[in-house]
Amino acid sequence: MRIRWLGHATFVVESANRVVYFDPYVLKGEAKQADLVLISHDHFDHCDTNAVEKIVKESTIILG
């Protein structure tokens, strides 16, 4: 398992077969597709819709 801080309140947790993002905000560069996105609240710096669009796939689950 790998846990990385991407800035502000954004973390990504990667395991062998899952990618989980917490509070995606201003994702730079190539971002892995998420299996799960967890959003703590609706402020722009914890739920950046542009960042979410970069990481979701058809099967991504988003919880807020």
Side-chain angles (χ1 to χ4, degrees):
M1 178 181 298
R2 180 178 177 190
I3 301 171
R4 291 185 297 140
W5 176 64
L6 302 180
H8 195 62
T10 306
F11 286 85
V12 61
V13 177
E14 299 175 57
S15 68
N17 57 355
R18 297 279 186 259
V19 176
V20 179
Y21 283 87
F22 295 84
D23 287 343
Y25 177 61
V26 187
L27 299 176
K28 297 175 183 167
E30 191 74 24
K32 292 192 175 188
Q33 299 296 288
D35 295 293
L36 176 63
V37 177
L38 302 171
I39 300 170
S40 62
H41 60 287
D42 64 352
H43 291 165
F44 73 95
D45 58 343
H46 292 264
C47 180
D48 177 3
T49 55
N50 291 324
V52 172
E53 287 176 3
K54 286 175 76 173
I55 59 175
V56 296
K57 57 187 177 183
E58 190 173 316
S59 61
T60 300
I61 297 170
I62 302 172
L63 296 174

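All values reported here derive from a predicted model rather than from experimental measurement. Side chains included, hydrogens not; waters and symmetry mates left out as well; all remaining heavy atoms used.
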- Query: How far does OG1 of T10 sit from CH2 of W5, to the nearest 0.5 angstrom?
  - Reply: 9.5 Å
- So do the side chains of Q33 and T60 get within less than 4.5 Å of each other, counting heavy atoms only? no
- Message: Grouping I, L, V, M, F, W and Y whenever their side-chain heavy atoms are under 4.5 Å apart, do V52 and V12 come out in a common cluster?
- Response: yes
- Side-chain heavy atoms under 4.5 angstrom apart, residues restricted to Ile, Leu, Val, Met, Phe, Trp, Tyr: same cluster for I3 and Y21? no
- Examine V19 and V56 and state if one hydrophobic cluster contains both, with Ile, Leu, Val, Met, Phe, Trp and Tyr joined whenever side-chain heavy atoms are less than 4.5 Å apart. yes
- Y25 to A51 - nearest heavy-atom pair and separation: N-CB, 4.1 Å
- Here the gap from K57 atom NZ to D35 atom CG, rounded to the nearest 0.5 Å, amounts to 4.0 Å
- Atom pair CE (M1) and CZ (R18), whose distance is rounded to the nearest 0.5 Å: 11.5 Å
- Query: Roughly how far apart are L38 CG and C47 SG, rounded to 0.5 Å?
  - Reply: 11.5 Å
- Task: Indicate if V13 and I39 have the same hydrophobic cluster label, given that clusters are the connected sets of ILVMFWY residues with side-chain heavy-atom separations under 4.5 angstrom.
- Result: no
- Could you tell me whether a side-chain N or O of K54 sits under 3.5 Å from a main-chain N or O of A31, the two making a donor and an acceptor? no
- Heavy-atom side-chain contact between I61 and V37 under 4.5 Å: no
- Can you see which heavy atom on H41 is nearest to which on D23, and at what distance? N-OD1, 4.5 Å
- Query: What distance separates H46 NE2 from D48 CG, expressed to the nearest 0.5 Å?
  - Reply: 11.5 Å
- When clusters are formed by joining ILVMFWY residues with side-chain heavy atoms under 4.5 Å apart, either directly or through shared neighbours, do V26 and I55 land in the same one? no
- Item | Distance (rounded to the nearest 0.5 Å) between L63 CG and F22 CZ | 10.5 Å
